[in-house]
Amino acid sequence: MALEERGLPFVITGIDEQSMPSWLTEINKNAEIPALRDGDEYVFGADDILSHVNDRYPEQSSAFLVPEAQLQQIETITSALVETFMKWMESKSKDSPVRTEYEDAVVELNKHLEKNGPYLCGTSPTDADFKVAPLLHHARVTLLNVMDFELPKKYAAVHKYIALMEGRASFQKYNQPDELIVSSWQRKFGMQAQTA
């Protein structure tokens with residue numbers, strides 16, 4: 001989303017994280033997905049990619065930078081969402097106590113958006129949104145299909161945020177079918193069949 005929103009030209013190469021291709025691991029044996037090749041330079045991991053793009057293409061990036069004052073709070077909210085989602089999937093149980101932890105993380109996101117929204121940093125999307133929206137979408141789709149968890153409607157600010165971000169052309173252009181999202185997360189956590 002970050003590259004698309006900046007209008008930077010790029011080509012996507014699909015990679016299965018469970019069986020990394022040798023051409024990539026030869027470049028970096030601990031290669032992390034996503035990865036970016038910019039000329040002869042390779043950058044691994046979403047945060048490092050954003051940092052690279054912001055440094056290399058400042059003119060195209062200036063409108064999407066996360067204000068320094070909000071970086072820590074957004075990182076805390078994002079980490080809680082990701083960590084509790086992963087813990088819940090690792091538990092392989094719909095009724096895991098982590099369910100409450102995940103919903104607590106959603107509550108914090110909802111409070112943040114109510115105060116600062118409709119986007120994470122105010123009235124315009126930033127790199128924080130391009131990182132969080134796909135993660136939130138993957139968690140929402142997977143938890144609905146695997147853990148029978150539907151995001152409660154009472155989190156109105158989160159639902160508005162999802163509608164805004166998933167309505168963007170940059171999201172729709174690269175979004176994957178729900179079945180593919182669910183099956184890839186099930187495979188990652190050794191869940192052969194849906195538990196829902």
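These numbers come from the heavy atoms of this one structure, side chains and all, not from hydrogens, waters or symmetry mates.
Under the 4.5 Å side-chain heavy-atom criterion for grouping Ile, Leu, Val, Met, Phe, Trp and Tyr, Leu36 is not connected to Leu24 through any hydrophobic cluster. Residues Val106 and Tyr119 fall within the same hydrophobic cluster, defined by Ile, Leu, Val, Met, Phe, Trp and Tyr side chains chained together at heavy-atom separations under 4.5 Å. If you chain together hydrophobic residues whose side chains sit under 4.5 Å apart, Phe130 and Leu113 fall into the same group. Neither Ile49 nor Ile74 shares a network with the other; the hydrophobic side chains, linked directly or stepwise wherever heavy atoms of I, L, V, M, F, W or Y lie under 4.5 Å apart, form separate groups for each. Note: the hydrophobic cluster containing Met86 also contains Leu109 (ILVMFWY, side chain heavy atoms under 4.5 Å, direct or indirect links).
More than 12 heavy atoms of other residues, nucleotides or ligands lie within 6.0 Å of CD in Gln172, so this atom counts as buried by the packing criterion. Other residues, nucleotides and ligands place more than 12 heavy atoms under 6.0 Å from the CD atom of Glu41. Atom CZ of Arg37 has 12 or fewer heavy atoms from other residues, nucleotides or ligands within 6.0 Å.
With rounding to the nearest 0.5 angstrom, the NE2 atom of His159 is 13.0 Å from the CG atom of Leu164. To the nearest 0.5 Å, the span separating CZ on Phe85 from CG on Leu135 amounts to 9.0 Å. Here CG of Leu65 is found 5.0 Å from CG of Asn54. Values are rounded to the nearest 0.5 Å. A distance of 12.5 Å separates NE2 of His138 from CG of Leu143, quoted to the nearest 0.5 Å. Atom-to-atom distance recorded for Thr84:OG1 and Glu101:CD is 7.0 Å, nearest 0.5 angstrom. Rounded to the nearest 0.5 Å, atoms CH2 (Trp23) and CD (Glu26) are 10.5 Å apart.
Side chains of Glu114 and Asn110 form a contact here, defined as non-hydrogen atoms less than 4.5 Å apart. Looking at Val158 and Leu136, their side chains come closer than 4.5 Å, going by heavy atoms from C-beta outward. Side-chain contact between Ser96 and Lys87 is absent, with no heavy-atom pair separated by less than 4.5 Å. Here the side chains of Met1 and Asp129 are not in contact, with every heavy-atom distance at 4.5 Å or above. Residues Met191 and Val146 meet the side-chain proximity criterion, which asks for heavy atoms closer than 4.5 Å. Between Asp104 and Glu108, every side-chain heavy-atom pair lies at or beyond the 4.5 Å cut-off. Side-chain contact check for Val132 versus Tyr161: some heavy-atom pair is nearer than 4.5 Å. Contact check for Lys131 versus Asp47: side-chain heavy atoms found under the 4.5 Å cut-off.
Nearest heavy atom pair, residue Ala139 against residue Tyr102, reads CB-OH, 3.6 Å. Here the closest non-hydrogen pair linking Gln176 and Ile181 is O-CD1, 3.6 Å. For Ile15 against Pro21, the heavy-atom pair with the smallest separation is CG2-CD, 3.6 Å. Considering every non-hydrogen atom in both Asp148 and Arg99, the closest pair reads O-NH2, 3.7 Å. The nearest pair of heavy atoms linking Met20 to Ala31 is CE-O, 3.0 Å. Scanning all heavy atoms of the two residues, the minimum distance from Cys121 to Val66 falls at SG-CG1, 3.8 Å.
For the pair Ser79 (side chain) and Thr76 (backbone), a donor-acceptor distance under 3.5 Å is absent. Looking only at distances, no side-chain donor or acceptor of Lys92 sits under 3.5 Å from a matching main-chain atom of Gly190. No side-chain donor-acceptor contact under 3.5 Å links Trp88 to the backbone of Glu83.
Each of Glu5, Arg6, Glu4 was evaluated against Ser170; a single residue qualifies, Glu5, per the side-chain hydrogen bond (donor to acceptor under 3.5 Å, both in side chains) test.
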Check step by step if side-chain contact (heavy atoms from CB on, under 4.5 Å) holds for Phe44 and Ile27. CA-CA 11 Å; Phe44 298 91; Ile27 295 163; 4.1 Å; yes
With side-chain contact (heavy atoms from CB on, under 4.5 Å) as the test, would you mind laying out the steps for Arg56 and Val43 before giving the verdict? CA-CA 12 Å; Arg56 182 70 60 93; Val43 186; over 6 Å; no
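Taking the centre of each ring, His137 and Phe171 come in below the 6.0 Å mark. Taking the six-membered ring for Trp and the full ring otherwise, Tyr57 and Phe10 have centroids separated by 6.0 Å or more.
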